[in-house]
Amino acid sequence: MPIYLTTPIYYVNDKPHIGHAYTSLATDVLARWHRLAGREVYFLTGTDEHGQKVEKAAQDAGEDPKAFTDRVSQAFRDLTVTMGFSNDGFIRTTEKRHYEACQALWIRLQERGHIYLGAYEGWYAVRDEAFYGTDELTERDGVKYAPSGAPVEWVREPSYFFKLSEWGDKLLEFYESNPDFIAPPSRRNEVISFVKSGLSDLSISRTSFKWGVPVPGDDAHVMYVWLDALTNYITALGYPNEKAELWRFWPADVHVVGKDILRFHAIYWPAFLMAADLLPPARVFAHGWWTNEGQKISKSLGNVIDPVALVEEFGLDPIRYFLMREVPFGQDGDFSRTALGHRLNGELADVLGNLANRTLSLIQRNCEGKLPSLPPVRDMDTTLLVPLDALVASVGKLLESQEYHLALEEVFRQVRSANGYITVQAPWALKKTDPTRMTEVLRHLHTALRAYATVLQPFMPTTMGALLDQLGVPAGARDLASLATPLPDGIDLPPPSPLFRKIEVVG
RNA sequence: GGCGGCGUAGCUCAGCUGGUUAGAGCACGGCACUCAUAAUGCCGGGGUCAGCGGUUCAAGUCCGCUCGCCGCUACCA
């Protein structure tokens, strides 16, 4: 079963911030997990490069839009490297293949009668180049003003429309028969109540700017952003060529998105697809926002979090761990140095790092650095080993529903209990009283550590790679299935070294 | 305004279809241990489960009201 996972395509009028990194990270963890489970995965991310804002930003920069987007989208490609993302593809909406896909989809929708030419009208502020709703306006001396203070006028421009109004009932049926389509459930309820309140047709073209995909057969129009942007998910798989090699990945298993763009993914997108007789995605997950030290993040406050700076200061894996562990996926969360410090010092270094280090040091010193033989399992070992058998299944199940924080909690519950096991068994004391038993205990701990490191790889690829090195696990034996095959007795283990560096915590 | 959600230990939160002395992690206190990244393990203190009133043999868990907080309420991506 091929697995297709996507991030949104990121709009290039802005440089990457913590939100972009977070969305892609969550997707990356899923992608890595499925690969470890032996599934074939296609993980897509990319950039959204059309629209009036980009056109204008390029103009202001004195650049051609294409040159401008080439430059800005590079920052997003760089981010995938900085954050260790394992994306298989990176799509840009300015690519030729994307124009072809968009136009093919348009024609298909048009042929099936889902598109008509009408007029888009509303209160328009020339200065802002934006439309406003009546309830947003204020009136002084008979003139209406936008919230920005710009005067507005009633404008009417020709526009193609998608007959979204006809899809309400079909969408509701779809949500009903696919209860997992929208997550988390609170968002699902919001979407359903929105659809129940009635849908209007959707304007899907503009004549007021040029920087977009031309509407087939009517060059005066370019496609409006969402039809263009959403289509990226099928462009990347070869659409309209449904015989393309990658097309077997459709429909997507999970579109990971921020909560601000849920509606487009949960309403417009399945409607477009169903109208085109294509399968809708299996799931859309809307995650929350980060605050910075309790404060809402905004450019005007100047407290935007730069993921590159974070990684430089704290290291990649601690950041990846923190983002996935600190907050239930779907909820808003707060990024603070104190909280990061507690996770890094109190969980990664003290609980996991220290267990690995104390175990491997004992093996190094007392077993000549060789892996002790696979021992019998005694009653007193079951507290350590029995939960281990269920670890892969329980982590897998939790990731299936994107409950990353619970998956990590489950692993760390076991790591904590392994610390209890080593203290009770006290292999350092057995060294004098029962050396054989000492080797048994150490081998069991090695087995446990191997399992922890293996399942944690998607979250902390580099550090867990280093731990697997220290555990002597060869590169080809690091997937989930390999856990069933014990390592050969007596292999040489390298001298251990600490995996996590602690940081100063204030508060 | 309408629809929906939340308010449980100092902090962050679990508590499914109501049922023995309400749980976890962190923080805090004591003890133990000393293999290890001055770590780890054990024990413990602490909550009128927002408030009021109902239903019930029994309510944090259902119903009503009050107070407080939050989300959604379409075409900026």
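Order of the sequence lines sets the chain letters (A, B, ...), proteins ahead of strands, with each chain counted from 1.
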Practice item. Give A:Thr359 one of three labels, base, sugar-phosphate or nothing, depending on what nucleic acid heavy atoms sit under 4.0 Å from its own. Key: nothing
Review point. A:Ser203 near the nucleic acid: base, sugar-phosphate alone, or nothing, with a heavy-atom cut-off under 4.0 Å?
Key: base
Review point. Which part of the nucleic acid, if any, lies within contact of A:Gly198, taking any heavy atom under 4.0 Å across all strands shown: a base, the sugar-phosphate backbone alone, or nothing?
Key: base
Exercise for review: Grab the two heavy atoms, one from A:Tyr233 and one from A:Thr7, that are nearest each other, plus how far apart they are.
Suggested key: CE2-O, 3.4 Å
Check your understanding: How would you label the contact of A:Leu360 with the nucleic acid (heavy atoms, under 4.0 Å): base, sugar-phosphate, or nothing?
Key -> nothing
Point to revise | Rounded distance in Å between the P positions of B:G64 and B:G45 | key: 38 Å
Point to revise | Atom-pair distance (CH2 on A:Trp123; P on B:A74), nearest Å | key: 18 Å
Exercise for review: Just name whichever nucleotide pairs with B:C49, Watson-Crick or G-U, keeping both distances under 3.5 Å, else none.
Suggested key: none
Exercise for review: Please measure how far the P atom in B:U55 lies from the corresponding atom in B:G68, and state the result in whole Å.
Suggested key: 28 Å
**Study point:** Step-by-step side chain to side chain donor-acceptor pair (under 3.5 Å) determination, A:Thr93 to A:His98
**Key:** CA-CA 6 Å; A:Thr93 55; A:His98 184 63; 5.2 Å; no
Revision key, fill the gap. Rounded to whole Å, the CD-P distance (A:Gln425 to B:C33) equals 18 Å
Exercise for review: Specify the separation, in whole Å, of atom CD of A:Glu409 and atom P of B:G23.
Suggested key: 17 Å
Practice item. Can you tell me the distance, in whole Å, between the OH atom of A:Tyr175 and the C1' atom of B:C72? Key: 14 Å
**Study point:** Identified pairing partner of B:C13, criterion: Watson-Crick or G-U wobble below 3.5 Å
**Key:** B:G23
Exercise for review: Please determine if A:Arg206 forms a cation-pi arrangement with A:Tyr224, meaning its NZ or CZ atom is less than 6.0 Å from the six-membered ring centre and no more than 45° off the ring axis.
Suggested key: yes
Review point. For A:Arg343 and A:Thr423, take the nucleotide of RNA chain B holding the closest heavy atom to each; which residue's nucleotide lies nearer the 5' end?
Key: A:Arg343
Check your understanding: Starting at CD of A:Gln414 and ending at C1' of B:A24, how long is that distance when rounded to a whole Å?
Key -> 16 Å
Point to revise | C1' atoms of B:G51 and B:G60, separation to the nearest Å | key: 14 Å
Check your understanding: Contact class for A:Tyr11 vs. all strands (heavy atom < 4.0 Å): base, sugar-phosphate, or nothing?
Key -> sugar-phosphate
Exercise for review: Could you check which of B:U40, B:U37, B:G25 has an atom nearest any side-chain atom of A:Glu347?
Suggested key: B:G25
**Study point:** Partner nucleotide, any strand, of B:G18 [Watson-Crick/G-U, under 3.5 Å]
**Key:** none
Point to revise | A:Asp350 side-chain proximity, nearest of B:A74, B:U40, B:C13 | key: B:U40
Study note, to complete from the structure: Quick note, A:Ala349 side chain, CB onward, closest among B:U37, B:A77, B:A74 is B:U37
Exercise for review: Tell me the partner of B:C67, counting only Watson-Crick (N1-N3 plus N6-O4 or O6-N4) or G-U wobble (N1-O2 and O6-N3) with both under 3.5 Å; none if nothing fits.
Suggested key: B:G7
Exercise for review: Could you tell me the separation between the CG atom of A:Asn419 and the P atom of B:U34, rounded to a whole number of Å?
Suggested key: 17 Å
Check your understanding: Considering every strand shown, what is the Watson-Crick or G-U wobble mate of B:G60 when both distances are under 3.5 Å?
Key -> none
Practice item. Have a look at A:Ile261 and say if it touches a base, only the backbone sugar-phosphate, or nothing, with a 4.0 Å heavy-atom cut-off. Key: nothing
Practice item. Please determine, for B:U55, whether a Watson-Crick or G-U wobble partner exists with both distances under 3.5 Å, and give it or none. Key: none
Exercise for review: Would you mind pulling out the nucleotide paired to B:C75, Watson-Crick or G-U wobble, both distances under 3.5 Å?
Suggested key: none
Review point. Just how far is it from atom OH of A:Tyr10 to atom CG of A:Asp48, taken to the nearest 0.5 Å?
Key: 12.0 Å
Exercise for review: Describe the nucleic acid contact of A:Asp48 in one word from base, sugar-phosphate, nothing, applying a heavy-atom distance below 4.0 Å.
Suggested key: sugar-phosphate
Exercise for review: In whole angstrom, give me the gap between the C1' atoms of B:C49 and B:C6.
Suggested key: 14 Å
**Study point:** Separation between the C1' atoms of B:G5 and B:G10, rounded to whole Å
**Key:** 26 Å
Point to revise | Interatomic distance at P, B:A9 relative to B:A14, whole Å | key: 12 Å
Point to revise | Whether A:Trp167 and A:Phe162 hold their rings parallel, tilted or perpendicular, with breakpoints at 30° and 60° | key: parallel
**Study point:** Cation-aromatic face contact A:Arg343/A:Phe322, 6.0 Å, 45 degrees
**Key:** no
Practice item. Output the single nucleotide from B:C33, B:U73, B:G41 whose closest atom is nearest the side chain of A:Trp428. Key: B:C33
Review point. Which part of the nucleic acid does A:Arg365 contact within heavy-atom distance under 4.0 Å: base, sugar-phosphate only, or nothing?
Key: sugar-phosphate
Check your understanding: B:U37 C1' sits how many Å from A:Asn354 CG, rounded?
Key -> 6 Å
Exercise for review: Would you mind telling me which of B:U73, B:A77, B:C35 lies closest to the side-chain atoms of A:Phe194?
Suggested key: B:U73
Practice item. Between A:Gly420 and A:Val12, name the one whose nearest nucleotide on RNA chain B is closer to the 5' end. Key: A:Gly420
Review point. Please give, in whole Å, the distance from B:A74 C1' to A:Trp226 CH2?
Key: 12 Å
**Study point:** Side-chain N,O (A:Asn189) to OP1/OP2 (B:G4) below 4.0 Å
**Key:** no
Review point. Atom CD1 in A:Ile204, atom CD1 in A:Ile115: separation rounded to 0.5 Å?
Key: 4.0 Å
Exercise for review: Tell me what A:Gly346 touches on the nucleic acid: a base, only sugar-phosphate, or nothing, going by heavy atoms under 4.0 Å.
Suggested key: nothing
Check your understanding: Choosing from B:G71, B:G25, B:U40, which nucleotide comes nearest the side chain of A:Arg187?
Key -> B:G71
Practice item. Considering only atom C1', compute the distance from B:G46 to B:C11 and round it to an integer number of Å. Key: 13 Å
Review point. Is any side-chain N or O of A:Arg263 closer than 4.0 Å to OP1 or OP2 of B:G71?
Key: no
**Study point:** Below 4.0 Å: OP1/OP2 of B:A77 and any side-chain N or O of A:Tyr224
**Key:** yes
Review point. Taking the six-membered ring of A:Phe194, is the NZ or CZ of A:Arg263 close enough (under 6.0 Å from the centre) and on axis enough (within 45°)?
Key: yes
Exercise for review: Please work out which of the three classes, parallel, tilted or perpendicular, describes the rings of A:Trp290 and A:Tyr22, given edges at 30° and 60°.
Suggested key: perpendicular
Exercise for review: Would you indicate which nucleotide in B:U37, B:U40, B:A74 comes nearest to any side-chain atom of A:Arg358?
Suggested key: B:U40
Point to revise | Atom C1', compared across B:U40 and B:G4: separation rounded to whole Å | key: 46 Å
Practice item. Give the nucleotide from the list B:C35, B:A74, B:C3 with an atom nearest to the side chain of A:Ile422. Key: B:C35
Exercise for review: Could you check which nucleotide pairs with B:A38 in any of the strands shown, counting Watson-Crick or G-U wobble with both distances under 3.5 Å?
Suggested key: none
